2 protein chains.
Amino acid sequence: MKSPSQPRDRGIPEATVARLPLYLRALHGMAERGIATVSSEDLAVAAGVNSAKLRKDLSHLGSYGTRGVGYDVEYLVYQISRELGLTQDWAVAIVGVGNLGRALANYGGFVSRGFRVAALVDADPEVVGDTIAGLNVEHIDDLEAVIKRRGVSIVVLATPAAAAQEVCDRVVAVGVTSILNFAPVVLSVPESVDVRKVDLSIELQILAFHEQRKAGGPLMAVDSQ
Amino acid sequence: MKSPSQPRDRGIPEATVARLPLYLRALHGMAERGIATVSSEDLAVAAGVNSAKLRKDLSHLGSYGTRGVGYDVEYLVYQISRELGLTQDWAVAIVGVGNLGRALANYGGFVSRGFRVAALVDADPEVVGDTIAGLNVEHIDDLEAVIKRRGVSIVVLATPAAAAQEVCDRVVAVGVTSILNFAPVVLSVPESVDVRKVDLSIELQILAFHEQRKAGGPLMAVDSQ
DNA sequence: CCGACTTTGTGCATCGGTTCACAAAGGGAT
DNA sequence: ATCCCTTTGTGAACCGATGCACAAAGTCGG
(Lines give C-alpha, C1' and ligand atoms only; values in the text may rest on other atoms or scores of the structure.)
Protein backbone atom coordinates (compact mmCIF):
# COMPACT_ATOMS: atom_id res chain seq x y z
CA MET A 1 0.00 0.00 0.00
CA LYS A 2 2.97 2.29 0.37
CA SER A 3 4.22 4.24 -2.57
CA PRO A 4 7.46 2.75 -3.85
CA SER A 5 8.14 5.83 -5.97
CA GLN A 6 10.77 7.09 -3.57
CA PRO A 7 14.21 5.80 -4.42
CA ARG A 8 15.50 6.47 -0.93
CA ASP A 9 14.38 5.03 2.33
CA ARG A 10 12.23 7.69 3.95
CA GLY A 11 12.55 6.15 7.37
CA ILE A 12 15.63 7.98 8.56
CA PRO A 13 16.50 7.12 12.18
CA GLU A 14 15.94 9.91 14.66
CA ALA A 15 19.53 9.73 15.88
CA THR A 16 20.71 10.26 12.32
CA VAL A 17 18.44 13.28 11.79
CA ALA A 18 19.88 14.84 14.92
CA ARG A 19 23.40 14.54 13.50
CA LEU A 20 22.76 15.76 9.97
CA PRO A 21 22.89 19.43 11.00
CA LEU A 22 26.27 18.71 12.53
CA TYR A 23 27.60 17.29 9.29
CA LEU A 24 26.09 20.18 7.42
CA ARG A 25 27.94 22.70 9.51
CA ALA A 26 31.24 20.90 9.09
CA LEU A 27 30.65 20.71 5.34
CA HIS A 28 29.88 24.42 5.11
CA GLY A 29 33.15 25.16 6.82
CA MET A 30 34.97 22.95 4.36
CA ALA A 31 33.22 24.49 1.36
CA GLU A 32 34.31 27.92 2.57
CA ARG A 33 37.89 26.73 2.78
CA GLY A 34 37.67 25.50 -0.78
CA ILE A 35 37.74 21.79 -0.04
CA ALA A 36 36.08 19.93 -2.92
CA THR A 37 35.90 16.36 -1.64
CA VAL A 38 36.13 14.84 1.81
CA SER A 39 36.49 11.31 3.14
CA SER A 40 34.16 9.92 5.77
CA GLU A 41 37.11 9.84 8.13
CA ASP A 42 37.92 13.54 7.78
CA LEU A 43 34.30 14.62 7.93
CA ALA A 44 33.73 12.45 10.97
CA VAL A 45 36.61 14.09 12.79
CA ALA A 46 35.32 17.55 11.90
CA ALA A 47 31.87 16.67 13.20
CA GLY A 48 33.18 14.89 16.27
CA VAL A 49 31.74 11.45 15.52
CA ASN A 50 32.91 7.98 14.56
CA SER A 51 33.45 7.48 10.81
CA ALA A 52 31.44 4.27 10.61
CA LYS A 53 28.51 6.06 12.15
CA LEU A 54 28.84 8.88 9.69
CA ARG A 55 28.86 6.53 6.73
CA LYS A 56 25.81 4.69 8.01
CA ASP A 57 24.04 7.99 8.58
CA LEU A 58 24.75 9.20 5.06
CA SER A 59 23.78 5.83 3.60
CA HIS A 60 20.25 6.50 4.82
CA LEU A 61 20.01 9.43 2.44
CA GLY A 62 21.32 7.54 -0.54
CA SER A 63 24.60 6.49 -2.01
CA TYR A 64 26.27 9.83 -2.52
CA GLY A 65 29.91 8.92 -2.03
CA THR A 66 32.52 7.65 -4.44
CA ARG A 67 34.55 4.70 -3.28
CA GLY A 68 38.23 5.37 -3.18
CA VAL A 69 37.58 9.12 -3.21
CA GLY A 70 35.02 10.27 -0.68
CA TYR A 71 32.12 12.70 -0.85
CA ASP A 72 31.74 15.78 -3.02
CA VAL A 73 31.35 18.59 -0.51
CA GLU A 74 28.97 20.81 -2.48
CA TYR A 75 26.80 17.93 -3.54
CA LEU A 76 26.56 16.54 -0.04
CA VAL A 77 25.67 19.96 1.34
CA TYR A 78 22.84 20.10 -1.14
CA GLN A 79 21.57 16.62 -0.38
CA ILE A 80 21.59 17.08 3.38
CA SER A 81 20.00 20.51 3.09
CA ARG A 82 17.26 19.10 0.95
CA GLU A 83 16.68 16.19 3.29
CA LEU A 84 16.40 18.50 6.27
CA GLY A 85 14.07 20.79 4.36
CA LEU A 86 16.44 23.73 4.43
CA THR A 87 16.05 24.47 0.73
CA GLN A 88 12.79 26.11 1.59
CA ASP A 89 12.22 29.21 3.65
CA TRP A 90 10.85 28.69 7.16
CA ALA A 91 9.05 31.53 8.88
CA VAL A 92 9.65 31.42 12.63
CA ALA A 93 7.78 33.37 15.30
CA ILE A 94 9.34 34.03 18.67
CA VAL A 95 6.84 34.40 21.49
CA GLY A 96 8.21 36.04 24.59
CA VAL A 97 10.72 38.82 24.09
CA GLY A 98 12.51 38.76 27.41
CA ASN A 99 16.25 38.32 27.67
CA LEU A 100 16.17 34.98 25.98
CA GLY A 101 13.71 35.91 23.23
CA ARG A 102 15.83 38.94 22.46
CA ALA A 103 18.95 36.84 22.25
CA LEU A 104 17.24 34.42 19.93
CA ALA A 105 15.95 37.22 17.71
CA ASN A 106 19.48 38.48 17.30
CA TYR A 107 21.06 35.06 16.97
CA GLY A 108 22.72 34.85 13.58
CA GLY A 109 22.52 31.07 13.45
CA PHE A 110 18.81 31.22 12.75
CA VAL A 111 18.79 33.20 9.54
CA SER A 112 21.89 31.54 8.23
CA ARG A 113 20.19 28.28 7.25
CA GLY A 114 16.77 28.70 5.75
CA PHE A 115 15.15 30.15 8.85
CA ARG A 116 13.72 33.63 9.04
CA VAL A 117 12.43 35.29 12.17
CA ALA A 118 9.11 36.53 10.83
CA ALA A 119 7.47 37.80 14.00
CA LEU A 120 8.10 38.74 17.61
CA VAL A 121 5.23 38.59 20.06
CA ASP A 122 4.98 39.56 23.71
CA ALA A 123 2.37 40.29 26.34
CA ASP A 124 4.13 43.17 28.07
CA PRO A 125 2.76 46.53 26.83
CA GLU A 126 6.13 48.00 27.75
CA VAL A 127 7.78 45.92 25.05
CA VAL A 128 5.06 45.79 22.40
CA GLY A 129 5.83 48.28 19.66
CA ASP A 130 9.59 48.18 20.22
CA THR A 131 11.82 47.28 17.34
CA ILE A 132 14.16 44.37 18.03
CA ALA A 133 16.49 42.98 15.42
CA GLY A 134 14.63 45.04 12.84
CA LEU A 135 11.25 43.62 13.78
CA ASN A 136 8.28 45.23 15.42
CA VAL A 137 7.13 43.45 18.58
CA GLU A 138 3.44 42.62 18.32
CA HIS A 139 0.86 42.04 21.01
CA ILE A 140 -0.01 38.57 22.18
CA ASP A 141 -3.68 39.28 21.52
CA ASP A 142 -2.86 39.29 17.82
CA LEU A 143 -0.97 36.00 18.03
CA GLU A 144 -3.28 34.04 15.76
CA ALA A 145 -3.54 36.82 13.18
CA VAL A 146 0.23 37.32 13.09
CA ILE A 147 0.90 33.63 12.61
CA LYS A 148 -1.51 33.39 9.72
CA ARG A 149 -0.48 36.65 8.07
CA ARG A 150 3.23 35.83 8.16
CA GLY A 151 2.83 32.19 7.24
CA VAL A 152 4.61 31.08 10.40
CA SER A 153 5.10 27.33 10.62
CA ILE A 154 7.54 27.06 13.52
CA VAL A 155 7.00 28.77 16.87
CA VAL A 156 9.71 29.37 19.43
CA LEU A 157 8.40 29.65 22.97
CA ALA A 158 10.53 31.88 25.17
CA THR A 159 7.79 32.90 27.59
CA PRO A 160 7.72 32.45 31.34
CA ALA A 161 6.81 28.92 32.35
CA ALA A 162 3.35 29.93 33.49
CA ALA A 163 2.36 31.29 30.08
CA ALA A 164 3.84 28.56 27.89
CA GLN A 165 0.98 26.07 27.86
CA GLU A 166 -1.63 28.68 27.00
CA VAL A 167 0.41 30.11 24.15
CA CYS A 168 1.13 26.59 23.00
CA ASP A 169 -2.57 25.73 22.90
CA ARG A 170 -3.32 28.84 20.89
CA VAL A 171 -0.66 28.30 18.24
CA VAL A 172 -1.62 24.65 17.93
CA ALA A 173 -5.24 25.73 17.45
CA VAL A 174 -4.27 27.79 14.40
CA GLY A 175 -2.37 24.91 12.86
CA VAL A 176 1.24 25.19 14.03
CA THR A 177 2.73 21.71 14.37
CA SER A 178 6.36 22.47 15.25
CA ILE A 179 7.35 24.09 18.51
CA LEU A 180 10.72 24.81 20.05
CA ASN A 181 10.14 25.23 23.77
CA PHE A 182 12.54 27.08 26.07
CA ALA A 183 10.10 27.34 28.95
CA PRO A 184 10.78 24.88 31.76
CA VAL A 185 7.47 23.04 31.53
CA VAL A 186 6.25 19.83 29.96
CA LEU A 187 3.87 20.94 27.24
CA SER A 188 0.89 18.79 26.48
CA VAL A 189 0.05 18.73 22.79
CA PRO A 190 -1.81 16.50 20.35
CA GLU A 191 0.05 13.55 18.89
CA SER A 192 0.54 15.31 15.57
CA VAL A 193 2.45 18.25 17.03
CA ASP A 194 6.22 18.11 17.33
CA VAL A 195 7.75 19.71 20.40
CA ARG A 196 11.45 20.01 21.03
CA LYS A 197 12.68 21.27 24.34
CA VAL A 198 15.79 23.15 25.25
CA ASP A 199 16.32 23.44 28.95
CA LEU A 200 19.36 25.28 30.15
CA SER A 201 19.08 24.30 33.78
CA ILE A 202 18.75 20.61 32.93
CA GLU A 203 22.01 20.72 31.03
CA LEU A 204 23.71 22.28 34.02
CA GLN A 205 22.30 19.67 36.34
CA ILE A 206 23.64 16.88 34.17
CA LEU A 207 27.06 18.52 34.23
CA ALA A 208 26.85 18.85 38.00
CA PHE A 209 26.12 15.16 38.33
CA HIS A 210 29.24 14.18 36.43
CA GLU A 211 31.33 16.86 38.09
CA GLN A 212 30.31 15.59 41.51
CA ARG A 213 31.25 12.09 40.55
CA LYS A 214 34.64 13.18 39.25
CA ALA A 215 35.33 15.19 42.37
CA GLY A 216 34.45 12.22 44.53
CA GLY A 217 31.69 13.37 46.83
CA PRO A 218 31.90 12.95 50.60
CA LEU A 219 29.44 10.06 50.84
CA MET A 220 30.62 8.49 47.70
CA ALA A 221 31.99 5.03 47.30
CA VAL A 222 33.97 5.38 44.13
CA ASP A 223 34.38 2.13 42.31
CA SER A 224 37.45 3.26 40.46
CA GLN A 225 40.49 1.07 40.25
CA MET B 1 12.26 2.66 58.47
CA LYS B 2 14.48 3.19 55.54
CA SER B 3 16.09 0.23 53.95
CA PRO B 4 19.86 -0.09 54.15
CA SER B 5 20.27 0.59 50.46
CA GLN B 6 22.27 3.78 50.96
CA PRO B 7 25.25 3.53 48.62
CA ARG B 8 23.18 2.08 45.86
CA ASP B 9 24.55 1.14 42.47
CA ARG B 10 26.64 4.10 41.37
CA GLY B 11 26.43 3.18 37.71
CA ILE B 12 23.37 5.23 36.83
CA PRO B 13 22.52 5.05 33.11
CA GLU B 14 23.07 8.26 31.19
CA ALA B 15 19.49 8.30 29.97
CA THR B 16 18.31 8.17 33.56
CA VAL B 17 20.58 11.03 34.64
CA ALA B 18 19.14 13.16 31.86
CA ARG B 19 15.63 12.61 33.18
CA LEU B 20 16.27 13.15 36.89
CA PRO B 21 16.15 16.95 36.56
CA LEU B 22 12.76 16.55 34.92
CA TYR B 23 11.42 14.54 37.84
CA LEU B 24 12.96 17.01 40.22
CA ARG B 25 11.12 19.90 38.64
CA ALA B 26 7.80 18.07 38.71
CA LEU B 27 8.37 17.17 42.35
CA HIS B 28 9.18 20.76 43.28
CA GLY B 29 5.91 21.83 41.75
CA MET B 30 4.06 19.20 43.76
CA ALA B 31 5.82 20.13 46.98
CA GLU B 32 4.75 23.73 46.44
CA ARG B 33 1.16 22.63 46.00
CA GLY B 34 1.36 20.74 49.26
CA ILE B 35 1.30 17.23 47.85
CA ALA B 36 2.94 14.86 50.33
CA THR B 37 3.12 11.61 48.39
CA VAL B 38 2.88 10.75 44.73
CA SER B 39 2.52 7.55 42.75
CA SER B 40 4.84 6.67 39.92
CA GLU B 41 1.89 7.02 37.58
CA ASP B 42 1.10 10.60 38.60
CA LEU B 43 4.72 11.67 38.66
CA ALA B 44 5.29 10.10 35.28
CA VAL B 45 2.41 12.07 33.79
CA ALA B 46 3.72 15.29 35.31
CA ALA B 47 7.16 14.65 33.88
CA GLY B 48 5.86 13.47 30.53
CA VAL B 49 7.29 9.97 30.62
CA ASN B 50 6.12 6.38 30.92
CA SER B 51 5.55 5.19 34.50
CA ALA B 52 7.55 1.99 34.12
CA LYS B 53 10.49 4.04 32.92
CA LEU B 54 10.16 6.35 35.87
CA ARG B 55 10.12 3.48 38.35
CA LYS B 56 13.16 1.92 36.74
CA ASP B 57 14.96 5.25 36.80
CA LEU B 58 14.23 5.77 40.48
CA SER B 59 15.20 2.21 41.27
CA HIS B 60 18.73 3.10 40.19
CA LEU B 61 18.97 5.53 43.10
CA GLY B 62 17.67 3.12 45.67
CA SER B 63 14.39 1.78 46.93
CA TYR B 64 12.74 4.98 48.03
CA GLY B 65 9.08 4.20 47.38
CA THR B 66 6.47 2.50 49.49
CA ARG B 67 4.42 -0.18 47.80
CA GLY B 68 0.75 0.52 47.88
CA VAL B 69 1.40 4.21 48.58
CA GLY B 70 3.97 5.80 46.31
CA TYR B 71 6.88 8.14 46.94
CA ASP B 72 7.26 10.76 49.64
CA VAL B 73 7.67 13.98 47.70
CA GLU B 74 10.05 15.77 50.06
CA TYR B 75 12.21 12.73 50.57
CA LEU B 76 12.45 12.04 46.86
CA VAL B 77 13.35 15.66 46.15
CA TYR B 78 16.18 15.32 48.62
CA GLN B 79 17.42 12.02 47.22
CA ILE B 80 17.41 13.18 43.61
CA SER B 81 19.02 16.50 44.54
CA ARG B 82 21.75 14.69 46.37
CA GLU B 83 22.31 12.28 43.53
CA LEU B 84 22.61 15.14 41.04
CA GLY B 85 24.95 17.00 43.36
CA LEU B 86 22.59 19.91 43.85
CA THR B 87 22.97 19.91 47.60
CA GLN B 88 26.24 21.69 47.09
CA ASP B 89 26.82 25.12 45.66
CA TRP B 90 28.20 25.29 42.12
CA ALA B 91 29.99 28.42 40.99
CA VAL B 92 29.41 29.02 37.29
CA ALA B 93 31.28 31.45 35.05
CA ILE B 94 29.72 32.74 31.85
CA VAL B 95 32.23 33.66 29.19
CA GLY B 96 30.87 35.89 26.43
CA VAL B 97 28.36 38.51 27.46
CA GLY B 98 26.58 39.09 24.18
CA ASN B 99 22.84 38.72 23.84
CA LEU B 100 22.92 35.11 24.85
CA GLY B 101 25.37 35.47 27.72
CA ARG B 102 23.26 38.32 29.08
CA ALA B 103 20.13 36.21 28.86
CA LEU B 104 21.85 33.39 30.70
CA ALA B 105 23.14 35.71 33.41
CA ASN B 106 19.58 36.88 34.05
CA TYR B 107 18.01 33.45 33.72
CA GLY B 108 16.34 32.58 36.99
CA GLY B 109 16.55 28.85 36.40
CA PHE B 110 20.26 28.88 37.12
CA VAL B 111 20.28 30.19 40.64
CA SER B 112 17.18 28.31 41.62
CA ARG B 113 18.84 24.93 41.96
CA GLY B 114 22.27 25.02 43.49
CA PHE B 115 23.90 27.05 40.74
CA ARG B 116 25.32 30.49 41.22
CA VAL B 117 26.62 32.73 38.47
CA ALA B 118 29.92 33.68 40.03
CA ALA B 119 31.58 35.55 37.18
CA LEU B 120 30.95 37.17 33.82
CA VAL B 121 33.84 37.50 31.39
CA ASP B 122 34.10 39.17 28.00
CA ALA B 123 36.72 40.39 25.56
CA ASP B 124 34.96 43.56 24.42
CA PRO B 125 36.34 46.62 26.30
CA GLU B 126 32.99 48.24 25.67
CA VAL B 127 31.31 45.68 27.92
CA VAL B 128 34.02 45.02 30.50
CA GLY B 129 33.25 46.93 33.67
CA ASP B 130 29.49 46.95 33.08
CA THR B 131 27.24 45.50 35.73
CA ILE B 132 24.89 42.79 34.50
CA ALA B 133 22.56 40.92 36.79
CA GLY B 134 24.42 42.43 39.70
CA LEU B 135 27.81 41.22 38.52
CA ASN B 136 30.79 43.12 37.23
CA VAL B 137 31.94 41.99 33.78
CA GLU B 138 35.62 41.12 33.89
CA HIS B 139 38.22 41.07 31.15
CA ILE B 140 39.08 37.89 29.32
CA ASP B 141 42.75 38.47 30.11
CA ASP B 142 41.92 37.76 33.74
CA LEU B 143 40.03 34.57 32.90
CA GLU B 144 42.34 32.20 34.75
CA ALA B 145 42.59 34.44 37.81
CA VAL B 146 38.82 34.91 37.99
CA ILE B 147 38.15 31.20 37.76
CA LYS B 148 40.56 30.41 40.56
CA ARG B 149 39.52 33.28 42.78
CA ARG B 150 35.81 32.51 42.53
CA GLY B 151 36.19 28.75 42.74
CA VAL B 152 34.44 28.27 39.42
CA SER B 153 33.95 24.63 38.48
CA ILE B 154 31.52 24.92 35.58
CA VAL B 155 32.06 27.24 32.62
CA VAL B 156 29.35 28.33 30.22
CA LEU B 157 30.67 29.28 26.80
CA ALA B 158 28.56 31.91 25.07
CA THR B 159 31.30 33.36 22.91
CA PRO B 160 31.38 33.66 19.12
CA ALA B 161 32.27 30.37 17.45
CA ALA B 162 35.75 31.60 16.54
CA ALA B 163 36.73 32.25 20.15
CA ALA B 164 35.22 29.17 21.77
CA GLN B 165 38.10 26.72 21.32
CA GLU B 166 40.71 29.11 22.67
CA VAL B 167 38.65 29.97 25.74
CA CYS B 168 37.95 26.29 26.21
CA ASP B 169 41.64 25.43 26.14
CA ARG B 170 42.40 28.09 28.71
CA VAL B 171 39.73 27.05 31.19
CA VAL B 172 40.68 23.41 30.80
CA ALA B 173 44.28 24.38 31.49
CA VAL B 174 43.31 25.81 34.89
CA GLY B 175 41.41 22.69 35.84
CA VAL B 176 37.81 23.18 34.72
CA THR B 177 36.32 19.83 33.73
CA SER B 178 32.69 20.74 33.00
CA ILE B 179 31.71 22.97 30.11
CA LEU B 180 28.34 23.96 28.72
CA ASN B 181 28.92 25.11 25.16
CA PHE B 182 26.54 27.36 23.24
CA ALA B 183 28.99 28.16 20.48
CA PRO B 184 28.31 26.30 17.23
CA VAL B 185 31.60 24.45 17.12
CA VAL B 186 32.84 21.00 18.04
CA LEU B 187 35.22 21.55 20.93
CA SER B 188 38.21 19.31 21.27
CA VAL B 189 39.02 18.54 24.88
CA PRO B 190 40.89 15.89 26.87
CA GLU B 191 39.02 12.71 27.71
CA SER B 192 38.51 13.78 31.30
CA VAL B 193 36.61 16.95 30.44
CA ASP B 194 32.86 16.87 30.11
CA VAL B 195 31.32 19.04 27.42
CA ARG B 196 27.61 19.43 26.85
CA LYS B 197 26.40 21.32 23.84
CA VAL B 198 23.27 23.35 23.28
CA ASP B 199 22.75 24.35 19.70
CA LEU B 200 19.70 26.39 18.89
CA SER B 201 19.99 26.13 15.14
CA ILE B 202 20.31 22.35 15.26
CA GLU B 203 17.04 22.07 17.15
CA LEU B 204 15.34 24.19 14.53
CA GLN B 205 16.74 22.06 11.74
CA ILE B 206 15.41 18.92 13.35
CA LEU B 207 11.99 20.53 13.60
CA ALA B 208 12.18 21.59 9.96
CA PHE B 209 12.91 18.01 8.94
CA HIS B 210 9.79 16.70 10.62
CA GLU B 211 7.70 19.64 9.50
CA GLN B 212 8.71 19.07 5.92
CA ARG B 213 7.77 15.43 6.18
CA LYS B 214 4.39 16.24 7.69
CA ALA B 215 3.66 18.87 5.05
CA GLY B 216 4.67 16.66 2.17
CA GLY B 217 3.04 13.44 3.24
CA PRO B 218 3.97 10.03 1.89
CA LEU B 219 3.38 10.96 -1.72
CA MET B 220 5.37 14.14 -1.72
CA ALA B 221 6.93 14.73 -5.07
CA VAL B 222 10.65 15.19 -4.96
CA ASP B 223 12.51 16.02 -8.09
CA SER B 224 15.10 13.67 -9.42
CA GLN B 225 18.84 13.60 -8.87
C1' DC C 1 -5.63 -10.01 62.59
C1' DC C 2 -6.97 -10.83 57.96
C1' DG C 3 -7.92 -10.33 53.32
C1' DA C 4 -8.67 -7.05 49.55
C1' DC C 5 -6.44 -3.57 47.24
C1' DT C 6 -2.76 -0.57 45.62
C1' DT C 7 1.65 0.34 43.86
C1' DT C 8 6.47 -0.63 43.69
C1' DG C 9 10.52 -2.92 41.85
C1' DT C 10 12.27 -5.89 38.34
C1' DG C 11 12.89 -10.05 35.02
C1' DC C 12 12.48 -10.42 30.36
C1' DA C 13 11.62 -9.62 25.57
C1' DT C 14 12.39 -6.14 22.33
C1' DC C 15 14.05 -2.28 19.89
C1' DG C 16 16.95 1.25 18.11
C1' DG C 17 21.48 2.61 17.71
C1' DT C 18 26.62 1.87 17.63
C1' DT C 19 30.69 -0.34 16.23
C1' DC C 20 33.42 -3.63 13.86
C1' DA C 21 35.19 -5.57 9.99
C1' DC C 22 35.23 -6.59 5.22
C1' DA C 23 33.62 -7.30 0.39
C1' DA C 24 32.61 -4.34 -3.38
C1' DA C 25 33.51 -0.32 -6.05
C1' DG C 26 36.02 3.01 -8.08
C1' DG C 27 40.44 5.80 -9.33
C1' DG C 28 45.09 6.14 -10.81
C1' DA C 29 49.52 4.33 -12.18
C1' DT C 30 51.98 1.70 -15.33
C1' DA D 1 43.98 -3.27 -19.70
C1' DT D 2 45.37 -4.81 -15.35
C1' DC D 3 46.82 -4.37 -10.73
C1' DC D 4 47.03 -1.91 -6.51
C1' DC D 5 45.35 1.27 -3.31
C1' DT D 6 41.80 3.88 -1.11
C1' DT D 7 37.34 4.41 0.70
C1' DT D 8 32.50 3.45 0.66
C1' DG D 9 28.39 0.89 2.04
C1' DT D 10 26.58 -2.66 4.90
C1' DG D 11 25.88 -7.38 7.30
C1' DA D 12 26.19 -8.80 11.81
C1' DA D 13 27.37 -8.69 16.62
C1' DC D 14 26.84 -5.95 20.44
C1' DC D 15 25.03 -2.66 23.82
C1' DG D 16 22.08 0.21 26.30
C1' DA D 17 17.38 1.74 26.79
C1' DT D 18 12.36 0.84 26.70
C1' DG D 19 8.05 -1.14 27.99
C1' DC D 20 5.30 -5.03 29.42
C1' DA D 21 3.61 -7.73 32.89
C1' DC D 22 3.61 -9.60 37.36
C1' DA D 23 5.19 -11.19 41.99
C1' DA D 24 6.38 -8.99 46.20
C1' DA D 25 5.49 -5.69 49.61
C1' DG D 26 3.07 -2.74 51.89
C1' DT D 27 -1.57 -0.12 53.40
C1' DC D 28 -6.12 0.06 55.11
C1' DG D 29 -10.88 -1.11 56.33
C1' DG D 30 -13.39 -4.14 58.90
Side-chain angles (χ1 to χ4, degrees), chain A residues 7-23 26-27 30 35-73 75-76 79-80 83 191 206 209-210, chain B residues 1-6 8-23 26-27 30 35-73 75-76 79-80 83 206 209-210:
Chain A
R8 284 170 295 284
D9 180 11
R10 298 270 107 186
I12 300 179
E14 200 53 39
T16 295
V17 173
R19 281 186 296 265
L20 289 180
L22 217 55
Y23 304 153
L27 287 165
M30 288 172 174
I35 298 172
T37 64
V38 65
S39 69
S40 63
E41 183 58 39
D42 290 353
L43 182 52
V45 169
V49 303
N50 169 303
S51 72
K53 194 191 295 188
L54 182 137
R55 286 198 300 278
K56 185 148 287 187
D57 283 344
L58 294 185
S59 77
H60 286 115
L61 312 190
S63 204
Y64 297 141
T66 304
R67 293 173 191 231
V69 176
Y71 300 89
D72 182 278
V73 173
Y75 186 56
L76 198 50
Q79 290 297 345
I80 295 178
E83 195 65 52
E191 187 70 27
I206 296 172
F209 171 82
H210 292 294
Chain B
M1 297 304 155
K2 55 180 172 179
S3 53
S5 53
Q6 300 283 349
R8 191 65 191 144
D9 180 15
R10 295 277 115 181
I12 299 179
E14 201 53 38
T16 295
V17 173
R19 281 187 295 266
L20 290 180
L22 217 55
Y23 305 152
L27 287 165
M30 289 171 174
I35 298 173
T37 64
V38 65
S39 70
S40 64
E41 184 57 38
D42 290 353
L43 182 52
V45 168
V49 303
N50 170 304
S51 72
K53 194 191 294 187
L54 181 137
R55 286 198 300 277
K56 187 152 288 185
D57 282 344
L58 294 185
S59 78
H60 287 115
L61 311 191
S63 206
Y64 296 141
T66 305
R67 295 173 191 228
V69 176
Y71 300 89
D72 182 278
V73 173
Y75 186 56
L76 197 51
Q79 289 299 343
I80 295 178
E83 195 64 51
I206 296 172
F209 171 82
H210 292 295

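Given the structure is predicted, the values throughout are model-derived calculations rather than measurements. Computed over heavy atoms, backbone and side chain alike; hydrogens, waters and symmetry mates excluded.
For the pair B:D72 CG and C:dT8 P, the interatomic distance rounds to 13 Å; values are reported in whole Å. Nucleotide D:dA17 holds its P atom 10 Å from the CG atom of B:D57, rounded to whole Å. Protein atom CD of B:E14 is 18 Å distant from nucleotide atom P of D:dC15, rounded to whole Å. Atom pair B:Y64:OH and C:dG9:P shows a separation of 11 Å (rounding to whole Å applied). The separation between A:R67 atom CZ and C:dG26 atom P is 7 Å, rounded to whole Å. Spacing between atom NE2 of A:H60 and atom P of D:dT8 amounts to 17 Å, rounded to whole angstrom units.
Once rounded to the nearest 0.5 Å, the distance linking CG of B:L58 with OG1 of B:T16 reads 9.0 Å. Atoms CD and CZ, on A:E14 and A:R19 in that order, are 10.5 Å from each other to the nearest 0.5 Å. Atom NZ of residue A:K53 and atom OG of residue A:S40 lie 13.5 Å apart, to the nearest 0.5 angstrom.
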Item to complete: Give the C-alpha distance, both sets of side-chain angles, the deciding distance and a yes or no for side-chain contact (heavy atoms from CB on, under 4.5 Å) between A:L20 and A:L61.
Response: CA-CA 10 Å; A:L20 289 180; A:L61 312 190; 4.1 Å; yes
Fill in: Trace of the side-chain contact (heavy atoms from CB on, under 4.5 Å) decision for B:L43 with B:L76
CA-CA 11 Å; B:L43 182 52; B:L76 197 51; 4.1 Å; yes
Practice prompt. Any chance you could lay out the side-chain contact (heavy atoms from CB on, under 4.5 Å) test for A:I12 and B:F209, step after step, and finish with the verdict?
Written response: CA-CA 10 Å; A:I12 300 179; B:F209 171 82; 4.3 Å; yes
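Looking at the side chain of A:T66, the nearest of the listed nucleotides C:dG27, D:dT18, C:dT18 is C:dG27.
Residues from residues 40-56 of chain A placing a heavy atom under 4.0 Å of any atom in DNA chain C, listed by number, are A:N50, A:A52, A:K53, A:R55, A:K56.
Along DNA chain C, the nucleotide closest to A:P13 and the one closest to B:G70 are compared, and the more 5′ of them pairs with B:G70. Annotation: of the two residues near DNA chain D, A:G68 and A:L58, the 5′-most nearest-nucleotide partner is A:G68.
Using a 4.0 Å cut-off, no side-chain N or O of A:S39 falls inside it from OP1 or OP2 of D:dT7. For the pair B:Y71 and D:dG26, the criterion of a side-chain N or O lying under 4.0 Å from OP1 or OP2 is not met.
When A:Y71, A:Y23, A:Y75 are each tested for a ring pair (Phe, Tyr, Trp, His ring centres under 6.0 Å) with A:Y64, only one passes: A:Y75.
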